[in-house]
Amino acid sequence: MFIFEDEFGFDEELRGKTAAVNAINAIRRGDATDAITILEREFLPQWEDIADCETAYREAMGR
């Protein structure tokens with residue numbers, strides 16, 4: 001996570017913005033599934049950990 005302090009002394013998190021930019025880039029490449037995964041991992045708590053995401057994917061796909 002990237003954190004910076006603005007001119008008013010507030011800490012700003014760039015992690016969400018970075019995820020959004022990465023998702024937009026994935027959409028532009030034609031990788032809609034990757035874009036959705038990027039956003040789910042960032043903004044939905046159950047997808048924050050990649051291991052949890054992979055486990056849930058295997059369960060959903062019956063693997």
Side-chain angles (χ1 to χ4, degrees):
M1 173 176 17
F2 301 100
I3 297 176
F4 71 95
E5 192 171 298
D6 68 10
E7 66 270 18
F8 303 109
F10 297 110
D11 289 338
E12 295 289 332
E13 293 184 19
L14 295 178
R15 184 173 153 184
K17 183 176 181 178
T18 301
V21 169
N22 289 339
I24 290 167
N25 289 334
I27 292 167
R28 287 183 176 150
R29 287 192 312 269
D31 295 329
T33 303
D34 288 345
I36 291 168
T37 301
I38 290 167
L39 295 172
E40 285 177 338
R41 286 181 183 164
E42 182 61 33
F43 297 108
L44 301 177
Q46 71 267 25
W47 302 117
E48 194 166 311
D49 182 59
I50 194 167
D52 290 344
C53 181
E54 290 171 347
T55 300
Y57 175 81
R58 283 192 300 274
E59 288 174 5
M61 297 310 236
R63 297 178 185 189

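All of these numbers come straight from a predicted model, not from anything done at the bench. Only this structure's heavy atoms are used, side chains among them; waters, hydrogens and symmetry mates stay out. We're numbering straight along the sequence, starting at 1.
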TODO: Count the heavy atoms of every other residue, nucleotide or ligand shown that sit under 6.0 Å from CZ of R29, and state whether that count exceeds 12.
DONE: yes
TODO: Mind checking the CG-CG spacing from L39 to D34? Nearest 0.5 Å is all I need.
DONE: 11.0 Å
Task: Nearest atoms (heavy-atom pairs only) where A26 meets I38 - done: CB-CD1, 4.4 Å
Open item on the list: Nearest 0.5 Å, please: how far is CG in D31 from OG1 in T37?
Closed with: 10.0 Å
